[in-house]
Number of protein chains: 2
Amino acid sequence: MKTKGKATSFDIAHFAGVSQSTVSRALRNSPLVNEETRRKVWEVAKKLNYKVDKNASNLRTQQSATLAILLFEDPTGDESQINPFFLNMLGSITRACAKEGYDLLVSFQSISQDWRAEYEDSHRADGIILLGYGDYMDYQSRLQNLLSQNTKFVCWGANVEGRPDLTVSCDNYGGGQLAAQHFIEKGRKNCVFIGDASEHSPEFLTRFKGFQETLERHGISCGERHIANAISTEDSGYHATHSLLANNIKFDSLFAASDLIAIGAIKALKEAGLRIPEDVNVIGFDNIAASNYITPSLTTVQQNTTLAGQMLVTNLLSLIRGEDITDTLLPPKLILRQSTSQ
Amino acid sequence: MKTKGKATSFDIAHFAGVSQSTVSRALRNSPLVNEETRRKVWEVAKKLNYKVDKNASNLRTQQSATLAILLFEDPTGDESQINPFFLNMLGSITRACAKEGYDLLVSFQSISQDWRAEYEDSHRADGIILLGYGDYMDYQSRLQNLLSQNTKFVCWGANVEGRPDLTVSCDNYGGGQLAAQHFIEKGRKNCVFIGDASEHSPEFLTRFKGFQETLERHGISCGERHIANAISTEDSGYHATHSLLANNIKFDSLFAASDLIAIGAIKALKEAGLRIPEDVNVIGFDNIAASNYITPSLTTVQQNTTLAGQMLVTNLLSLIRGEDITDTLLPPKLILRQSTSQ
DNA sequence: ATGTACTTTGACACCGGTGTCATAATGTCG
DNA sequence: CGACATTATGACACCGGTGTCAAAGTACAT
């Protein structure tokens with residue numbers, strides 16, 4: 001019993017003495033096929049090491065049991081390193097897909113490129129997950145484009161008022177509140193924020209707003225002079241903090257828009273001879289692995305990546321099934337560590 | 001100019017006033033088609049937002065321009081976390097695939113499961129990359145199985161003598177040598193190894209051999225009592241080191257089979273009141289991000305993940321093209337940090 | 001024996017491209 | 001002007017499955 005090349009359903013039909021149609025039905029356990037026939041077909045299939053050709057199957061059924069993930073890169077990011085937070089998300093999304101019986105196509109995209117999400121158009125994936133920091137303004141129009149083509153997709157990111165797409169995101173505003181409240185409990189009065197607090201980075205902006213507005217409710221202001229712009233890299237955080245210090249801004253607490261920024265900030269603070277947490281309290285955002293390893297370990301607002309990956313996948317699947325879904329907001333959680341524990 | 005549903009090549013043929021065959025040729029820039037016709041076809045295609053159906057195309061051509069990666073999990077690993085080293089590899093492989101114009105299917109596999117690599121059989125991928133620590137003995141027979149089916153695949157891992165598959169790996173033996181030489185230069189006399197030094201973890205075993213044999217050439221022995229078994233997790237490294245100390249083994253230098261193990265070891269050493277590097281020198285393996293952030297920062301044998309990802313992809317593509325390729329061994333590099341810098 | 005319902009099967013069109021072959025149109029040369 | 005090469009195009013089979021429809025076979029009631 002042998003075939004040239006990979007076995008097809010016709011080969012099985014031949015050896016099992018039935019028609020190809022019956023083979024197809026038997027292998028998918030259709031109730032239309034006789035028990036004994038089914039057994040025989042399976043037996044032959046196993047012997048020939050048969051596997052359904054997904055291309056043929058997908059072509060006929062017009063669906064792929066596959067999702068695609070598009071990872072946008074921080075445009076200035078180091079080419080060889082990937083933001084560890086997104087790497088975690090990638091891991092949890094992979095797991096969530098596996099659990100749902102879907103395959104996952106992974107692709108990196110430079111945000112500047114024309115990232116028309118080809119996967120869904122070319123029937124390689126049933127839906128798309130978009131993931132990445134980046135300039136929201138830059139790709140807003142592209143989202144619109146996807147929408148107009150009826151492409152099924154969900155985004156990880158800020159759920160900005162009036163944003164047209166479906167998102168899953170951390171409650172960034174609430175996260176900023178947690179940080180502010182913690183500083184207030186610690187009796188801190190002069191707070192600074194490191195990160196891009198503009199509409200170009202809606203996630204960071206939302207974190208900042210939650211932070212600032214909570215402080216103000218307690219009579220603490222965090223105005224323009226107390227913000228240093230930074231993208232989500234260690235270097236950028238280092239330089240931003242450095243320039244604050246160089247400008248002689250006085251502060252006793254620092255909230256960074258991400259852990260990478262916070263790690264860079266800590267380096268700058270240490271170099272300036274400031275003690276953490278005695279002189280300056282520091283809070284980050286994300287809870288990446290490194291934040292637990294640095295000295296002092298970093299108090300941070302945790303994003304639950306496991307849950308986030310799951311929600312992205314289940315929401316996308318709902319969307320594909322045509323169900324009505326809404327934006328999902330995940331609760332942040334403050335992880336207390338040494339950088340605020342004086 | 002409108003179509004119901006997604007546009008097909010027939011729709012384009014209709015609007016461009018040519019046959020579907022010509023459309024197919026024109027879109028693939030076949031030299032057989034007239035310049036003006038080509039222009040017209042492209043124009044219509046763009047207007048209709050046409051994208052080739054990859055399922056149909058792959059079905060016909062019997063190839064997919066897709067690679068698949070199978071990630072094996074450390075059986076005892078925490079369900080929600082992925083070994084950061086492999087996460088890095090995943091990132092670099094993704095990048096390498098993109099550079100070669102291939103898509104990447106990602107899949108997690110429990111090593112205990114029947115991980116018949118279905119992707120290639122089902123024509124979803126042209127080749128497979130296998131990645132993961134794990135018990136080699138467990139899946140050796142499965143590799144044999146893949147080979148016998150003429151599946152194209154490459155493995156990341158130890159290139160064990162007589163291993164039947166094609167591998168890309170770090171020169172683990174050389175890495176062990178680097179660690180030993182460094183200890184010798186530092187005048188260390190009592191060395192221990194933390195990790196599974198058995199044929200069940202051939203990579204760790206090779207690292208150990210390079211380490212041990214180099215030490216012996218300098219008259220230093222590293223026998224059974226100086227080895228503590230551990231899998232590649234922080235916890236395991238912690239407990240292994242703890243038990244060495246509890247058994248009153250004296251040592252002034254510790255080589256861990258991986259950075260995660262080393263991080264756990266450092267924790268145990270610190271708790272025992274030992275100073276690093278004064279009392280004990282520590283060297284890890286991998287150079288994951290965390291090793292740069294812990295205190296003291298960790299001297300480690302770096303594996304070049306960027307290069308590794310590239311080699312895995314290019315080797316696999318060569319294999320698919322039917323070219324003759326051989327195992328690839330990548331040079332390790334010792335990264336000096338505080339844990340050995342007294 | 002005849003009619004009806006149900007089970008099981010095979011024939012066949014179809015998904016949307018790609019590759020082969022035949023043919024029409026144009027150009028070139030003796 | 002006819003023979004022949006060259007260029008451009010269309011018709012059609014094909015990749016390997018899935019879904020529909022008709023029909024054969026069996027069971028049971030009338």
Side-chain angles (χ1 to χ4, degrees), chain A residues 3-42 44-45 48-66 118-126, chain B residues 3-42 44-45 48-66 118-126:
Chain A
T3 58
K4 37 183 157 56
K6 301 226 184 276
T8 72
S9 51
F10 283 93
D11 297 320
I12 300 182
H14 174 70
F15 289 115
V18 295
S19 75
Q20 182 270 338
S21 301
T22 302
V23 171
S24 174
R25 280 191 286 257
L27 291 178
R28 281 173 301 142
N29 294 318
S30 156
L32 290 178
V33 54
N34 182 283
E35 186 49 40
E36 197 181 342
T37 313
R38 183 201 325 283
R39 249 198 38 255
K40 176 131 200 180
V41 168
W42 271 98
V44 176
L48 291 182
N49 227 319
Y50 171 80
K51 285 279 142 25
V52 172
D53 184 318
K54 283 282 167 65
N55 289 317
S57 167
N58 291 345
L59 172 58
R60 179 62 224 242
T61 58
Q62 301 290 36
Q63 44 140 341
S64 60
T66 300
E118 315 235 330
Y119 291 117
E120 206 256 352
D121 290 343
S122 59
H123 292 285
R124 302 216 51 178
D126 298 336
Chain B
T3 58
K4 37 184 156 57
K6 302 226 184 274
T8 72
S9 52
F10 284 93
D11 298 319
I12 299 183
H14 174 70
F15 288 115
V18 295
S19 76
Q20 182 269 337
S21 301
T22 303
V23 171
S24 174
R25 280 190 286 258
L27 292 177
R28 280 173 301 141
N29 293 316
S30 156
L32 290 177
V33 55
N34 183 283
E35 186 49 40
E36 196 181 344
T37 312
R38 183 202 325 284
R39 250 197 37 256
K40 175 131 198 182
V41 168
W42 271 97
V44 176
L48 292 183
N49 227 317
Y50 171 80
K51 284 280 141 27
V52 172
D53 185 316
K54 283 283 169 57
N55 289 317
S57 167
N58 292 344
L59 172 58
R60 181 60 225 243
T61 58
Q62 301 289 35
Q63 44 142 336
S64 60
T66 300
E118 316 235 330
Y119 292 117
E120 206 255 350
D121 290 344
S122 59
H123 292 283
R124 300 216 52 178
D126 298 335

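Order of the sequence lines sets the chain letters (A, B, ...), proteins ahead of strands, with each chain counted from 1.
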Discussion item. Does C:dT9 have OP1 or OP2 under 4.0 Å away from a side-chain N or O of A:Ser19?
Written reply: no
Worksheet, complete the sentence: To the nearest 0.5 Å, atom CG of A:Leu59 lies from atom OG of B:Ser57 at 10.5 Å
Item to complete: In plain terms, say whether A:Glu36 and A:Arg39 are close enough for a salt bridge, that is, a side-chain N and a carboxylate O under 4.0 Å apart.
Response: no
Item to complete: Using whole Å, report how far CD of A:Gln20 lies from P of D:dG19.
Response: 12 Å
Worksheet item: Below 4.0 angstrom from OP1 or OP2 of C:dT9, is there any side-chain N or O of A:Thr37?
Response: yes
Discussion item. Output the rounded distance in Å from CG (B:Leu27) to C1' (C:dG16).
Written reply: 13 Å
Response to the item:
Separation of D:dC15 atom P from B:Asn58 atom CG, nearest Å, is 16 Å
Discussion item. Using modelled atom types and a 3.5 Å cut-off, is there a donor and acceptor pairing between side-chain atoms of B:Asp126 and backbone atoms of B:Gln63?
Written reply: no
Item to complete: Indicate, with a heavy-atom threshold strictly under 4.0 Å, whether A:Gln62 touches base, sugar-phosphate, or nothing.
Response: sugar-phosphate
Item to complete: Please state whether the phosphate of C:dG10, meaning OP1 or OP2, lies under 4.0 angstrom from any side-chain nitrogen or oxygen of A:Thr22.
Response: yes
Worksheet item: Taking OP1 and OP2 of C:dT18, is either one under 4.0 Å from a side-chain nitrogen or oxygen of B:Ser24?
Response: yes
Discussion item. Can you measure B:Phe10 atom CZ to D:dA11 atom C1' for me and round it to whole angstrom units?
Written reply: 11 Å
Item to complete: Report the distance from atom CG of A:Asp53 to atom P of C:dC14, rounded to the nearest whole Å.
Response: 21 Å
Discussion item. I want to check one thing: is the phosphate of D:dG16, taken as OP1 and OP2, less than 4.0 Å away from some side-chain N or O of A:Ser9?
Written reply: no
Item to complete: Check whether the side chain of B:Arg38 and the base of D:dT9 form a donor-acceptor pair under 3.5 Å.
Response: no
Worksheet item: Can a donor-acceptor pair under 3.5 Å be found between the side-chain atoms of A:Arg25 and the base atoms of D:dG19?
Response: no
Item to complete: Take atom CZ of B:Arg28 and atom P of C:dG16, then tell me their distance rounded to the nearest Å.
Response: 17 Å
Worksheet item: B:Ser21 or B:Ala56: which one's nearest nucleotide on DNA chain C is closer to the 5' end?
Response: B:Ala56
Item to complete: Answer whether the closest heavy-atom distance between the side chains of B:Asp53 and A:Gln62 falls below 4.5 Å.
Response: yes
Worksheet item: Separation of B:His123 atom NE2 from D:dG17 atom C1', in whole Å?
Response: 11 Å
Worksheet entry | Protein-nucleotide distance (A:Gln63, atom CD; D:dG17, atom P), rounded to Å | 16 Å
Fill in: Side chain B:Asn58, main chain B:Asn55, donor-acceptor under 3.5 Å
no
Item to complete: Map A:Ala7 and B:Leu32 onto DNA chain D by nearest heavy atom, then report which one ends up closer to the 5' terminus.
Response: B:Leu32
